[in-house]
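Side chains included, hydrogens not; waters and symmetry mates left out as well; all remaining heavy atoms used. Each chain gets a letter, A, B and so on, in the order its sequence line appears, and its residues count up from 1.
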Number of protein chains: 2
Amino acid sequence: MRNTRADVVLAALRVLQAQGLEGCSMRRVAAELEVQPSALYHHVPNKQHLLALMADEIVDPVTAAESRDPRLLCIELRDAMLAVRDGADVVATATAFRLGSSEIEERIAELVGSDGARTLLLYTFGHAQSTQTHRQAEAFGALIDPPAGRHRDDSEAEPAAMSSDLDSSFERGLDIILKGLA
Amino acid sequence: MRNTRADVVLAALRVLQAQGLEGCSMRRVAAELEVQPSALYHHVPNKQHLLALMADEIVDPVTAAESRDPRLLCIELRDAMLAVRDGADVVATATAFRLGSSEIEERIAELVGSDGARTLLLYTFGHAQSTQTHRQAEAFGALIDPPAGRHRDDSEAEPAAMSSDLDSSFERGLDIILKGLA
DNA sequence: ACCTGAACACCGTTCAAGT
DNA sequence: ACCTGAACACCGTTCAAGT
């Protein structure tokens with residue numbers, strides 16, 4: 001026995017971490033395993049399926065956690081996604097296909113109802129995604145200019161300060177939703 | 001004068017509507033304009049920038065609307081995104097680059113504060129994205145699904161009801177957040 | 001200013017064939 | 001069962017050159 005499906009998923013996660021989602025091609029995953037690209041299709045039907053397996057792996061620590069606090073679960077979920085490069089994108093797209101039947105959504109739904117669970121999860125995914133995109137854009141220096149024709153006045157935040165503020169912004173949004181649920 | 005930047009954006013939106021985000025390649029947009037792929041780079045620096053321009057165009061009706069009701073603005077935003085194939089994906093990724101400085105976020109922030117605005121927007125994007133992904137999966141499944149000899153039993157969800165339920169699910173989540181803000 | 005033609009360095013996926 | 005080798009039909013982007 002040479003490579004197993006788990007080997008492929010782990011190799012893919014290494015490539016994701018190193019190259020980002022855009023650089024995470026089947027060909028590079030194959031190279032990481034020192035194998036021809038076509039060999040991957042013996043373990044996985046296609047790239048989309050592989051990405052779903054990667055998403056499961058990223059989220060696994062949260063699934064394993066036994067917390068019954070929705071607030072904590074969301075924070076842990078966000079942390080798990082942010083721990084891997086482009087992890088939020090990978091998890092969010094993979095989960096969209098099974099909204100209403102994901103394990104975490106069901107866990108949270110038992111605590112706050114299904115509307116609340118969906119609201120919390122979509123917010124968590126969205127915030128993680130934009131945190132990650134923003135950080136990456138910042139690292140790249142590729143931030144796009146704000147709408148033309150206007151200037152920032154004193155009431156508005158400095159874009160530079162935004163990124164570090166994203167973590168606490170997440171928890172404040174979370175508390176708004178939880179207050180609405182109470 | 002042959003093609004203008006606006007022509008490129010409109011052609012790209014036609015290709016997006018017809019082929020979806022995955023099929024919306026620079027080469028296909030060029031073909032839509034009956035032009036060589038390289039010609040596009042005279043109007044637009046790269047694909048990412050073109051996608052941002054497309055996002056602006058998709059969201060434009062909401063920007064033009066004069067409503068001061070955050071609930072209505074979110075519903076209009078979602079409708080605008082859902083009106084174009086994969087529109088939610090296009091807008092969500094393009095907006096992530098300028099979170100904190102998008103025009104709609106500023107409009108809503110004046111009404112409910114910046115934390116509330118971000119929470120509402122991220123929820124709206126997330127819900128629109130998963131609505132669209134789900135509908136697409138449903139439409140794609142409908143081509144394969146109609147199993148002649150088979151009937152759905154009570155343990156299975158009604159696919160037809162699911163899609164329309166996403167609309168009201170969105171508004172219930174919206175109300176949860178708005179209640180938390182009140 | 002706007003576009004062509006050709007090239008470069010890539011993609012995901014399939015499939016017969018090897019071991 | 002797991003993999004190679006070769007191919008197919010694509011990508012985004014660059015760049016000299018045309019008009």
Side-chain angles (χ1 to χ4, degrees), chain A residues 1-55 57 85-86 89-90 93-94 96-97 133 136-137 140-142 144, chain B residues 1-55 85-86 89-90 93-94 96-97 133 136-137 140 143-144:
Chain A
M1 194 179 45
R2 323 216 215 152
N3 281 311
T4 165
R5 172 182 275 222
D7 293 331
V8 173
V9 175
L10 290 181
L13 285 169
R14 288 196 301 274
V15 175
L16 181 68
Q17 182 64 48
Q19 318 278 353
L21 185 53
E22 200 170 291
C24 188
S25 65
M26 296 298 270
R27 291 175 118 99
R28 283 216 244 247
V29 174
E32 172 77 18
L33 290 167
E34 288 173 306
V35 129
Q36 293 297 314
S38 51
L40 299 181
Y41 292 86
H42 195 268
H43 301 282
V44 134
N46 52 48
K47 189 183 184 178
Q48 192 184 143
H49 197 106
L50 176 54
L51 284 167
L53 295 172
M54 294 162 71
E57 199 64 30
R85 166 121 86 124
D86 289 339
D89 265 296
V90 173
T93 17
F97 277 96
T133 321
Q136 201 170 332
F140 234 85
I144 293 172
Chain B
M1 196 178 49
R2 324 216 213 150
N3 280 311
T4 165
R5 173 183 274 220
D7 293 332
V8 173
V9 175
L10 290 181
L13 285 169
R14 287 197 301 275
V15 175
L16 180 69
Q17 182 63 47
Q19 318 277 353
L21 185 53
E22 197 170 293
C24 189
S25 66
M26 296 299 269
R27 292 175 117 98
R28 281 216 245 247
V29 174
E32 171 76 18
L33 290 166
E34 288 172 308
V35 129
Q36 293 298 314
S38 51
L40 299 181
Y41 292 86
H42 196 270
H43 302 282
V44 135
N46 52 49
K47 189 182 184 179
Q48 191 184 143
H49 198 107
L50 175 56
L51 284 167
L53 295 172
M54 293 161 71
R85 165 120 88 124
D86 289 339
D89 264 296
V90 173
T93 16
F97 279 95
T133 320
Q136 203 170 328
F140 184 73
L143 293 176
I144 313 164

Roughly how far, to the nearest 0.5 Å, is the [atom2] atom of [Y] from the [atom1] atom of [X]?
X        : Y        : atom1 : atom2 : answer
Glu32(A) : Asp7(A)  : CD    : CG    : 11.0 Å
Arg14(B) : Cys24(B) : CZ    : SG    : 11.5 Å
His43(A) : Leu33(A) : NE2   : CG    : 8.0 Å
His49(B) : Met54(B) : NE2   : CE    : 12.5 Å
Asn46(A) : Leu51(A) : CG    : CG    : 9.0 Å

Minimum-distance pair of heavy atoms, taken over all atoms of [X] and [Y]:
X        : Y        : result
Leu21(A) : Asp86(A) : N-OD2, 2.7 Å
Ala94(B) : Ala55(B) : CB-CB, 3.6 Å
Lys47(A) : Ser25(A) : NZ-CA, 4.2 Å
Val15(A) : Gly23(A) : CG1-O, 3.9 Å

Tell me, for nucleotides 13-19 of chain C in 5' to 3' order, what letter each nucleotide earns: B for a base near a protein heavy atom under 4.0 Å, S for only sugar-phosphate near one, - for neither?
BBB----

Is any side-chain nitrogen or oxygen of His43(A) closer than 4.0 Å to OP1 or OP2 of dA1(D)?
no

When the distance from [atom1] of [X] to [atom2] of [N] is rounded to whole Å, what number comes out?
X        : N      : atom1 : atom2 : result
His42(B) : dG5(C) : NE2   : P     : 17 Å
Leu33(B) : dT4(C) : CG    : C1'   : 15 Å
Arg5(A)  : dC2(D) : CZ    : P     : 11 Å
Glu34(A) : dT4(D) : CD    : P     : 10 Å
Gln36(B) : dA6(C) : CD    : P     : 9 Å

Looking at residues 13-24 of chain A, who's got a heavy atom less than 4.0 Å off DNA chain C?
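The stretch gives none, as no residue of it lies under 4.0 Å from the strand.
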
Main chain of Ala18(A), side chain of Arg85(A): is a donor-acceptor contact present, judged purely on distance under 3.5 Å?
yes

Whole-angstrom distance between dA9(C) and dC10(D), as gauged at atom P:
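After rounding to an integer number of Å, I get 22 Å for this pair.
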
Note, DNA chain C 5' to 3' with Watson-Crick or G-U pairs under 3.5 Å encoded as ( ), [ ], | and . gives ||.|||||...|||||.||

Evaluate the criterion side-chain contact (heavy atoms from CB on, under 4.5 Å) for residue pair Leu50(A) and Met26(A); output intermediate values, then yes/no.
CA-CA 9 Å; Leu50(A) 176 54; Met26(A) 296 298 270; 3.9 Å; yes

